Amino acid sequence: MILIRLFLVFAKIGLIGFGGGYSILTIIQRELTQRGWIGLQEFSDIAAISQITPGPIAVNAATYVGYRIGGFWGSVAATVGVSIPSFILVILAARFILKFKASMVVESCLKGIRPVTVAFIASAAIFFALGSFIDLQAPLYVDWGPFAIFLWAVLAAAFTKINVILIVLMAMGAGLLLC
Amino acid sequence: MKKSKAALLWDLFITFFKIGAFTIGGGLVMLPLIEREVSEKKKYISKEEIVDAFAVSQSLPGVIAINSGIYIGYRIAGIAGAVVTAFGVILPSFITILAIAILFDTVSGNVYADKALTGVKAGVAGVIAVTVSRLGRTVIRDVFAFILAVLAFALTIWLGVGIVAVITGGGLAGLLYYHIMRMKRHDSD
């Protein structure tokens with residue numbers, strides 16, 4: 001039955017999908033086009049829509065593909081499927097960390113893991129910036145529209161009480177005007 | 001006065017619904033939102049734990065936004081907390097995409113979408129930069145942590161080293177260094 005197959009395929013995607021949204025999109029594409037469930041052109045449109053609509057990219061893609069293949073319940077099956085492995089794995093990991101937090105060994109590990117995680121997130125911010133105003137092919141060329149938005153967002157987040165959601169929405173509006 | 005469990009769960013749901021609705025362009029976008037809403041404003045969990053949640057979310061398979069929602073929900077209110085946060089994060093996507101899929105027969109990316117996405121990326125990069133500096137001040141407390149952070153940054157940016165390798169390396173380095181320091185202190189006592 002198509003709903004069960006959808007659920008199983010997306011559960012598999014949730015289980016092997018390391019690295020977040022963009023890499024999961026690639027896996028979804030491979031799994032679905034191989035099965036002939038969706039064509040490449042339609043998939044690239046789904047990928048574009050998933051990135052600009054609110055919500056995590058992979059959830060957007062799962063919901064959309066699920067609907068195309070199995071209607072409303074198809075989108076439920078795909079979305080629940082992609083989330084189920086997270087449930088099991090993350091709760092196990094959280095239990096482990098909570099249980100052994102008091103242990104000196106785990107605490108020492110966490111003390112090493114925290115700074116590298118923050119560094120990783122910093123590099124992710126740079127990759128975000130890369131997609132908007134820095135071009136690796138021509139590093140000296142800066143696209144001023146997005147750069148101005150970036151600087152404004154830094155100042156707004158650092159020195160004002162403006163809600164983060166509002167900052168992102170205003171950046172979106174500014175993108176329509178300036179980019 | 002302590003909040004009742006139901007009120008706490010409802011609050012978690014609403015908070016993560018908001019976070020889900022404004023996670024545009026990838027899971028990391030929710031980091032600044034979580035830091036502000038869950039830690040800074042409501043003091044549900046510490047900044048260290050937000051960093052732990054992200055370390056776990058990124059090293060496990062799955063959608064980062066769902067993973068971090070589940071981790072934080074579980075940490076604050078157990079299994080029920082994990083269910084409501086996951087549900088909250090997913091629901092805005094689900095509603096929006098379903099509406100789009102039902103209303104339009106075919107979808108296609110267009111030039112306005114590209115412009116809006118460019119603006120969002122630039123703005124989000126700025127907001128993440130500020131959040132990173134805040135979290136950094138909390139978790140980088142000594143020279144060793146600073147060296148680890150610089151090293152990890154360089155490795156991910158220039159060599160494209162993956163998050164699992166970076167976290168494993170950081171964990172091992174932390175284990176060796178902080179454990180040895182503790183043993184030394186123990187010996188000198």
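What you are looking at is a predicted structure, and each value in this text was computed from that prediction instead of being measured. So you know, we letter chains A, B, ... as the sequences are listed, proteins then strands, and number each from 1.
Going from atom CZ of A:Phe72 over to atom CG of B:Leu98 covers 6.0 Å, rounded to the nearest 0.5 Å. To the nearest 0.5 angstrom, A:Cys109 atom SG is 12.0 Å from B:Ile167 atom CD1. Once rounded to the nearest 0.5 Å, the distance linking CD1 of A:Ile46 with CD1 of B:Ile100 reads 11.5 Å. Separation of atoms CZ (B:Phe22) and CG (A:Leu166) is listed at 9.0 Å; rounding is to 0.5 Å. Interatomic distance, B:Leu91 CG to A:Thr63 OG1, rounded to the nearest 0.5 Å: 10.0 Å. The distance from atom CZ of A:Arg114 to atom CD of B:Glu49, rounded to the nearest 0.5 Å, is 8.0 Å.
The contact between B:Arg134 and chain A is made entirely by side chain atoms (from C-beta outward), counting heavy-atom distances below 4.5 Å. Looking at A:Ile97, only its side chain comes within 4.5 Å of chain B, counting heavy atoms on both sides. Contact annotation for A:Ile162: only backbone heavy atoms (N, CA, C, O) come within less than 4.5 Å of a heavy atom of chain B. Proximity to chain B involves both the backbone and the side chain of A:Pro146, based on heavy atoms less than 4.5 angstrom apart. Contact of B:Tyr74 with chain A is made through the side chain alone, with heavy-atom distances under 4.5 Å. Proximity to chain B (any heavy atom under 4.5 Å) is restricted, for A:Leu110, to the side chain, taken from C-beta onward. Contacts of B:Val89 with chain A are made by both backbone and side-chain atoms, with heavy-atom separations under 4.5 Å. Only the side chain of A:Tyr67 comes within less than 4.5 Å of a heavy atom in chain B; its backbone stays farther off. Looking at A:Ile165, both its backbone and its side chain come within 4.5 Å of chain B, counting heavy atoms on both sides. Within the 4.5 angstrom heavy-atom criterion, only side-chain atoms of B:Val56, from C-beta onward, approach chain A. For B:Val130, the part lying under 4.5 angstrom from a heavy atom of chain A is the side chain only. Residue contact with chain B, scored on non-hydrogen atoms closer than 4.5 Å, involves the side chain of A:Leu169 exclusively. Contacts of B:Ala173 with chain A are absent, with no heavy-atom separation under 4.5 Å from either backbone or side chain. Looking at A:Ala174, there are no atoms closer than 4.5 Å to chain B (heavy atoms on both sides), in backbone or side chain. For B:Thr131, no part lies under 4.5 angstrom from a heavy atom of chain A. Of the two parts of A:Leu176, the backbone and the side chain both hold a non-hydrogen atom closer than 4.5 Å to a non-hydrogen atom of chain B.
Taking hydrophobic clusters as Ile, Leu, Val, Met, Phe, Trp and Tyr residues chained together by side-chain heavy-atom distances below 4.5 Å, B:Met30 shares a cluster with B:Ile64. Neither B:Ile50 nor A:Val116 shares a network with the other; the hydrophobic side chains, linked directly or stepwise wherever heavy atoms of I, L, V, M, F, W or Y lie under 4.5 Å apart, form separate groups for each. One hydrophobic cluster, built from ILVMFWY side chains closer than 4.5 Å, holds both A:Trp144 and A:Phe150. A chain of hydrophobic side-chain contacts below 4.5 Å, direct or via other Ile, Leu, Val, Met, Phe, Trp or Tyr residues, connects A:Leu8 to A:Trp73. Tracing side-chain contacts under 4.5 Å through hydrophobic residues (I, L, V, M, F, W, Y), one reaches B:Tyr71 starting from A:Leu98; they form part of the same cluster.
Among B:Ala152, B:Ala116, B:Ala129, the residue with the largest count of heavy-atom pairs under 4.5 Å with chain A is B:Ala116. Interface remark: of the candidates B:Thr156, B:Ile70, B:Leu33, B:Leu155, B:Ile70 forms the most heavy-atom pairs closer than 4.5 Å to chain A. Contact tally against chain A (heavy-atom pairs below 4.5 Å) for B:Leu135, B:Ile140, B:Ile90: the top residue is B:Ile90. Between chain B and the options A:Leu151, A:Val76, A:Leu177, the largest number of non-hydrogen pairs under 4.5 Å is found for A:Val76. Among A:Val105, A:Val168, A:Leu178, the residue making the largest number of heavy-atom pairs under 4.5 Å with chain B is A:Val105. Interface check for chain A: of the options B:Thr168, B:Ile79, B:Val139, the most heavy-atom pairs under 4.5 Å are formed by B:Val139. Ranked by heavy-atom pairs under 4.5 Å with chain B, the first of A:Ile16, A:Ile91, A:Leu15, A:Ile13 is A:Ile91. Your options are A:Ala156, A:Ala153, A:Gly71, A:Ala157, and the one with the most heavy-atom pairs under 4.5 Å with chain B is A:Ala157. Here A:Ala122 is the residue among A:Ala93, A:Gly145, A:Ala122 with the most heavy-atom pairs under 4.5 Å with chain B. Taking chain B as the reference chain and counting heavy-atom pairs below 4.5 Å, the highest number among A:Ala171, A:Ser108, A:Ala148 is found for A:Ser108. Annotation: maximal heavy-atom pairing with chain A below 4.5 Å, among B:Ala122, B:Gly123, B:Gly174, occurs at B:Ala122. Contact count against chain A (heavy-atom pairs under 4.5 Å) is highest for B:Val83 among B:Val150, B:Leu176, B:Leu151, B:Val83.
Shown here for A:Phe87 and B:Ala86, the closest heavy-atom pair between the two residues is CE1-CB, 3.8 Å. Looking at every heavy atom in both residues, A:Pro56 comes nearest to B:Ser93 through CD-OG, 3.4 Å. Between B:Pro61 and A:Ser86, the shortest heavy-atom contact is O-OG, 4.3 Å.
Within a 6.0 Å sphere centred on CZ of A:Arg35, heavy atoms belonging to other residues, nucleotides or ligands number more than 12. Other residues, nucleotides and ligands contribute more than 12 heavy atoms inside 6.0 Å of the OH atom of B:Tyr178. A 6.0 Å sphere centred on NZ of A:Lys99 holds no more than 12 heavy atoms belonging to other residues, nucleotides or ligands.
Each of B:Asn67, B:Ile72, B:Ile66 was checked for a side chain to side chain contact (heavy atoms under 4.5 Å, CB included) with A:Val90, and the lone residue meeting it is B:Asn67.
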I would like to know whether B:Phe94 and A:Val59 meet side chain to side chain contact (heavy atoms under 4.5 Å, CB included); could you show each step before the answer?
CA-CA 8 Å; B:Phe94 194 75; A:Val59 177; 5.8 Å; no

